[in-house]
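In what follows, a structure is listed as structure tokens, so that the remarks can point back to it.
None of the values given here were measured: they were computed from a predicted structure. Indexing begins at 1, ligand by ligand and atom by atom, following the structure's order. Computed from heavy atoms alone, side chains included, the values below leave out hydrogens, waters and symmetry copies.
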Amino acid sequence: MIDLGNPEIAFTVMAVRQATLLVKQVQSEMVSAALTKADHSPVTVADFAAQALVAHLLEQEFPEDLLVAEEDAGSLRPQSGGDGSTLQQVTEFVSRAAGRVDPLTVCEWIDRGAAPPVGRFWALDPIDGTKGFLRGDQYAVALALVVDGEVQVGGLGCPNLAFSPDIMDGKHSPSLKPDMDGPGIVVISALGQGTWATLLNRPGAFAQLSVSACNRAFEARLLRSFESGHTNVDQIEDFSRRIGLQAEPVRMDSQAKYAVLASGGGELLLRLLSPEKPDYREKIWDHAAGALMLKEAGGQITDLAGKPLDFTVGRTLAKNRGILASNRLLHQAALQALKQSAS
Ligand code: AMP
Ligand code: MG
């Protein structure tokens, strides 16, 4: 069992859980009306509120620690020229979770996330998969502790994943699958301690996750971004043909893909470079938690050339291109197929 008495592990479970519940609240109160207008305000409110909450919780628990997070409060602040209504909404939601707080303090909490990613720091994506959040699909709250480039603890809140089968008897290693109506899942991993999952609404019993034992490419399931602009669809097709996949790729937003892969719900995860953005560099908060989770469940993760991910070079994975993640057994075959499909 993972050591829930460890302060960093306990903090990660608590912070991810509270932030995910807050984001769910924003979604249930704001998304349906806004969706029809294709308005991004709910995701903005939820992003900022979750980041403010985690920053505040971190300041209470580990006041010396650095936070490296996706958002900043620049566009929220009164002097930015807006009417202040977004900041008002963010403040209302944060106050529900953290007790009454004023708007300027909320901005200060959010801006704690601008720390440099050096030494020991926490990487936060308050909502990973913003497009999935707006579409009513997968999204995740992602938090990881990185020390000198090594991910030590990783947590994901996945409101739209569920255990499959739906039992927690300690004998079976359950996999995770999409479920838009269930309570959701929190996944936690720590270096050397495996990957574990529990229910978002009733944390208590944890089930250990492990990757699929499938070593036959023709039976493998490939996970890819839902958004075609985040990958290269033609190259995925070519790759799939070369390695011999029979099933259609599964489209899914966010690091929920890593949770599914770590639980044996798939064998391969590809993040190819979009032809429109060949110079795109992955953000550290999009992969830190998921990468540890997958490795601790027995999987493997590299970039598209087979290089390990390097978390020591700033807010992006500047030394890596794209991502290949797998159940380990199919990693070499996938790298080989990638080499051929790229040439
Ligand atoms: P996913 O849902 O797996 O597609 O991942 C969502 C993440 O993709 C977001 O958090 C963004 O940081 C990231 N992203 C945005 N643009 C791109 C791009 N052109 N290529 C790859 N990832 C991107
Ligand atoms: Mg993200």
**OP:** Run the numbers for me: atoms of ligand 1, each under 4.0 Å from some heavy atom of S225, listed by number.
**Re:** 1 (P), 3 (O), 4 (O)
Original post:
For ligand 1, is there an N or O atom under 3.5 Å from any N or O atom of K257?
Top reply: yes
Original post:
Do any nitrogen or oxygen atoms of D128 come within less than 3.5 Å of a nitrogen or oxygen of ligand 1?
Top reply: yes
Original post:
Does R321 make a cation-pi contact with Y280 (under 6.0 Å, within 45 degrees of the axis)?
Top reply: no
Original post:
So which bit of L273 gets within less than 4.0 Å of ligand 1, heavy atoms only: side chain, backbone, both or neither?
Top reply: neither
**OP:** Return yes when E276 approaches ligand 1 closer than 4.0 angstrom through a heavy atom, no otherwise.
**Re:** no
Original post:
Would you say K277 touches ligand 1, if touching means a heavy atom closer than 4.0 Å?
Top reply: yes
Between [Y] and [X], does any NZ, NE, NH1 or NH2 come within less than 4.0 Å of an OD or OE carboxylate oxygen?
X: D253; Y: R135; result: yes
X: D286; Y: K283; result: no
X: D65; Y: R120; result: yes
X: R100; Y: E92; result: yes

Original post:
Once rounded to 10°, what is the value of the angle centred on the Mg ion (ligand 2) between D128 OD1 and D286 OD1?
Top reply: 80°
Subject >> the Mg ion (ligand 2) to nearest N/O/S of D125 less than 2.8 Å >> reply: yes
Among all protein heavy atoms in this structure, tell me which lies nearest to [atom], with the distance rounded to 0.1 Å.
atom: atom 22 (N) of ligand 1; value: R271 NH2, 3.0 Å
atom: atom 11 (C) of ligand 1; value: D286 OD2, 3.5 Å
atom: atom 2 (O) of ligand 1; value: S254 N, 2.6 Å
atom: atom 21 (C) of ligand 1; value: Y280 CE2, 3.3 Å

Original post:
Are T198 and R202 linked by a side-chain donor-acceptor pair shorter than 3.5 Å?
Top reply: no
Original post:
Does a donor on one side chain sit under 3.5 Å from an acceptor on the other, for Q138 and S254?
Top reply: no
**OP:** Kindly say whether the aromatic ring centers of F311 and W285 come within a distance under 6.0 Å.
**Re:** no
